[in-house]
Enquirer: 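Can you read through this structure? Questions will come right after.
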Amino acid sequence: MQTEDIQIRIEDDRTGLEIETLKRAILDNLFYIQGKFPEIATLNDYYMALAYTVRDRLIHRWLISSQTYTKVQPREVCYLSAEFLMGPHLGNNLINLGIYDRMRQAVQELGLNFEALLEQEEEPGLGNGGLGRLAACYLDSMATLDIPSVGYGIRYEFGIFDQDIHDGWQVEITDKWLKNGNPWEIARPEWAFEVKFGGRTERYTDEKGRSRVKWIPDRMVQGVPYDTPILGYETSSTNTLRLWSAQAVESFDFRAFNAGDYYGAVGNKVFSENLSKVLYPNDEQIQGKQLRLEQQYFFVSCSLQDMIRTHCDRRGLPISIFHEKFTVQLNDTHPAIAVAELMRLLLDEHGIEWDQAWHITQSTMAYTNHTLLPEALERWAVGLFGSLLPRHLEIIYEINGRFLNEVRLRYPKDDERIRRMSIIDESGDRYVRMANLATLGSYSINGVAELHTQLLKQDVLHDFAEMYPERFNNKTNGVTPRRFMVLSNPRLTKLITSKIGDHWIRNLQELRQLESFVEDLEFRSEWRQIKLAIKRDLANYIQEQNGIEVNVDSIFDIQAKRFHEYKRQHLNVLHIITLYNRLKANPNLDITPRTFIFGGKAAPGYQMAKLIIKLINSVADVVNSDPDVRDRIKVVFLKDYNVKFAQRVYPAADLSEQISTAGKEASGTGNMKFSMNGALTIGTLDGANIEIREEVGAENFFLFGLTASKVSQIKAKGYDPMQYYIANSELKAAIDRINSGFFSKGDTALFKPLVGSLMYQDPYLLFADYQSYIDVQTQVGEAYRDQDHWTRMSILNTARMGKFSSDRSIREYVKEVWKIDPLKICPPNEPCSIH
Ligand code: CJB
């Protein structure tokens, strides 16, 4: 049957949006999909029935979208990412469908608790932090802006671990997100691909007399796609998140089975399925493990094969124009092997000559760099790489050889430059440098905030930026206001919409109109009441979770992000201890009450980050139980920070801690989410903080600390932390308190590694920024006392965050990098003549 002939005729219960229809659909799904009747149905059964009811409405739009793409054959963007930190789907899909309130009513009329059903969803935590969440925000914006796109990644059976706290220490628990089934995905085993590993290569002459290469692998794995629909906001465009799951190739099993090697056959199955078993929980720290490279190659190969099949087989287009129809965005270097894999597919499988293959590859790939941290720059030992991907190593050597010849021509006798630019690091043991491969193979290379892009061009990719300046560009990150305002902060959304209408949800710059309400006393009072109500909700949660009673009139001072020394949660702790010391010395001291709230996970192998978590909990134990400081400072560590939880935290903040060492945080996106929800920022001139401050105005931002260039200067001269310790009595007192065992029941060894690093060799310059941080925190405390003025600043933060919608970022990618036209999708059940 021709695709044009397919008529979507689905009965009304699957598409209708009336409350009665929704109720009927939920009960119908409970009956026919869950196989339960109300008397025996569990909360999860009802959640599933509700999720399927929503999914039905997505599927209709999804099929129309993919039919339209099949017919129009538009240029598409494929976003390749090892992580997609999607967060719960249900609430977001209801918002994007425009039926959130209606569905809540339908659910309530059935006598069910809507909030409890939303809570029931296990979030797909298929990412570590900022990078994975950015990919999720971008999928939302691409669909909202009607950009034909696919997100390609890995369907990890276990996502990021759940975090528990035992005796103040982080404990990791396996994340079994699939245990109750996943109603949002559809498996497509009929569209699986095979992926090869290991073995050797062989040269042969083809029928046209050309020399070709054949890869003879020693094992093979199958990638099965699982598709999740991604609906845009107030549009019918529904794109696909396609995640690959690894399975054993049947034929391989059979061979061993027939030979009587039953265990061998099963072993192969176990081995294959291991590939997509678990997400590596390291953020910005490479481990260099073979399985990780296998994961990367696995999903990249499946994805590229999938694109080529769509292009050549489904659409019948010649491979020579592949780059006109597809552009691939590489989310960091994790999928950078795509450069070599596309070359291999074009050369070996499609018989294309080198120059044309290279032209197609380089016109297809675009690379986003997300970090300058040396420990995060991916490199693979040549031996490991060659044994896993022998053909790719050959191709990389060839790319490199040709490239270095060009460099030699352009910069004669500059051997140092050749060594720096080579894809192969030969300074000691040999490594494949993935950033160099991604850069060389891409037509566009971008950083994720102005400062980051500037440093990228100055430092890590300096030679490349000098040679190919036109390929470098900046795309400052953004976040989706649908999830991080509308869904997570319904009270504020309602207030804003009552004043300026709801167009801001699609066009965030419209929030500027709120500026005209800043002088409106009643508006300010409503704004303040809303913040207070949200803080009360969080306070209740803290009471339940941690058994700590917090003062809702205190400043909610929040630092929520991954634990990393460069993010400097321990600088925040030094401030807490300093306040504590002041109160101990002078119990009647009049300070603005604060509740310090922390959330975040540490990589399981990152001992120092784990020790910082332990320090926070140890300080919390002492401070929270000391009657001298009662009601003035409280310290709370909220365990298991994830997307669901983040949505509860951002709206409740008065103060957002963005205190990384300048030059280290590429962009940050939490900083944007806090500020959109009316928190003020205390921050350094780092990443997107700089641009946030430019937008909201210096007078509405608490700036402290050294600039990135000052940091480099100090380091160049030789940073001497001791000098600050000796000269600053409050800093010394805070450090001595930790050292004395005061927070560790007399154990003076516990925090030695942490304090030692701060005192003798700290690359993150905590002591150098300490006084400036403390001073500005004092200003924060004073500013908070003038509630009216604080509220003005809070409103202006929200009003001026328009730039940081991920819609703006995606518009820039579309216009300046991808060059793709939006494609409107017809709404279901309506006459439509767009195509
Ligand atoms: N980032 O989350 C990660 N993981 C990495 O491996 C490298 C970078 C973060 O990416 C975010 C999105 O671009 C940035 O906002 C953040 O600064 C960066 O640390």
Side-chain angles (χ1 to χ4, degrees), residues 79-85 125-139 141 153 160 279-288 292 295-296 329-336 367-379 434-435 438 445-453 455-456 460 474-480 484 560-569 600-603 606 609 641-643 646 656-675 683-692 708 764 804 806 809-810 812-813:
Y79 198 90
L80 263 61
S81 179
E83 303 187 8
F84 285 94
L85 191 46
L126 308 187
N128 276 286
L131 173 139
R133 183 54 234 176
L134 186 78
C137 284
Y138 281 0
L139 292 186
S141 286
I160 186 67
L279 165 77
Y280 274 89
N282 304 314
D283 195 57
E284 310 199 47
Q285 249 187 339
I286 52 163
Q287 262 192 318
R292 170 76 171 179
Q295 289 185 336
Q296 296 182 348
Q329 192 68 37
L330 304 172
N331 200 23
D332 217 284
T333 54
H334 316 148
Y367 159 51
T368 304
N369 172 286
H370 292 267
T371 180
L372 305 173
L373 296 192
E375 66 268 35
L377 294 181
E378 287 194 299
R379 35 178 230 160
M434 299 310 270
I445 299 109
N446 75 281
V448 290
E450 293 288 351
L451 173 70
H452 169 62
T453 300
L455 296 174
L456 187 66
V460 177
N474 176 60
K475 295 288 165 281
T476 298
N477 285 166
V479 302
T480 171
F484 291 107
K561 50 180 81 241
R562 282 299 284 246
F563 272 81
H564 203 298
E565 287 162 278
Y566 86 78
K567 295 180 189 278
R568 301 200 294 193
Q569 282 92 350
K601 295 173 184 174
Y606 189 172
Y641 186 67
N642 58 15
V643 178
S656 149
E657 297 271 352
Q658 306 301 335
I659 61 178
S660 52
T661 316
K664 297 289 180 191
E665 188 70 89
S667 162
T669 44
N671 46 5
M672 302 169 187
K673 296 165 195 167
F674 277 113
S675 186
T684 48
L685 284 178
D686 200 14
N689 292 354
I690 298 173
E691 291 160 69
I692 291 175
Y764 307 106
F804 302 100
S806 43
S809 316
I810 290 300
E812 289 179 5
Y813 277 102

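Every number for a ligand or one of its atoms is a count from 1 in the order of the listing. From a predicted model like this one, the values you see are computed outputs, not experimental measurements.
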Enquirer: Within the 3.5 Å criterion, strictly below it, is a donor on Glu378 or Gln296 matched to an acceptor on the partner's side chain?
Expert: yes

Enquirer: Run the numbers for me: atoms of ligand 1, each under 4.0 Å from some heavy atom of Ala666, listed by number.
Expert: 17 (O)

Enquirer: Should Gln295 and Tyr280 count as side-chain neighbours, where that means a heavy-atom distance under 4.5 Å?
Expert: yes

Enquirer: Do Lys673 and Arg133 have side-chain heavy atoms sitting under 4.5 Å apart?
Expert: yes

Enquirer: Using a strict 4.0 Å cut-off to heavy atoms of Asn477, name the atoms of ligand 1 that fall inside it.
Expert: 12 (C), 13 (O), 14 (C), 15 (O)

Enquirer: Examine ligand 1 and decide if any of its atoms is less than 4.0 Å from a heavy atom belonging to Ala376.
Expert: no

Enquirer: Are side-chain heavy atoms of Ser667 and Met672 found at a separation under 4.5 Å?
Expert: yes

Enquirer: Identify the closest protein heavy atom to atom 15 (O) of ligand 1: which residue and atom is it, and at what distance?
Expert: Gly668 N, 2.7 Å

Enquirer: Between Thr371 and ligand 1, is there a nitrogen or oxygen pair with a distance under 3.5 Å?
Expert: no

Enquirer: Check the pair His370 / Asn331 against side chain to side chain contact (heavy atoms under 4.5 Å, CB included), numbers first and verdict last.
Expert: CA-CA 8 Å; His370 292 267; Asn331 200 23; 2.6 Å; yes

Enquirer: Going by distance alone, is a donor N or O of one side chain under 3.5 Å from an acceptor N or O of the other, for Ser656 and Gln658?
Expert: yes

Enquirer: Looking at atom 4 (N) of ligand 1, what's its closest protein heavy atom, distance included?
Expert: Asp283 OD1, 3.2 Å

Enquirer: Given side chains that start at C-beta, do those of Phe484 and Cys137 come closer than 4.5 Å, heavy atoms only?
Expert: yes

Enquirer: Among protein heavy atoms, which lies nearest atom 13 (O) of ligand 1, and at what distance?
Expert: His370 ND1, 2.6 Å

Enquirer: Is Leu131 close to ligand 1, meaning an N/O of one under 3.5 Å from an N/O of the other?
Expert: yes

Enquirer: Are any of the heavy atoms in Asn128 under 4.0 Å away from ligand 1?
Expert: no

Enquirer: Less than 4.5 Å apart, side chain to side chain, heavy atoms only: is that true for Leu85 and Asn128?
Expert: no

Enquirer: Which residue holds the protein heavy atom closest to atom 16 (C) of ligand 1, what is that atom called, and what is the gap in Å?
Expert: Glu665 OE2, 3.4 Å

Enquirer: So which of Ala82, Gly130, Gly129, Ser809 gets nearest to atom 11 (C) of ligand 1, if we judge by its closest heavy atom?
Expert: Gly130

Enquirer: Does some side-chain heavy atom of Lys567 sit less than 4.5 Å from a side-chain heavy atom of Glu665?
Expert: yes

Enquirer: With backbone taken as N, CA, C and O and side chain as the heavy atoms from C-beta onward, which portion of Tyr566 lies under 4.0 Å from ligand 1: side chain, backbone, both, or neither?
Expert: side chain

Enquirer: Would you say ligand 1 has an N or O under 3.5 Å from any N or O of Ser667?
Expert: yes

Enquirer: Tell me the protein heavy atom at minimum distance from atom 1 (N) of ligand 1, and give that distance in Å.
Expert: Glu284 OE2, 3.5 Å

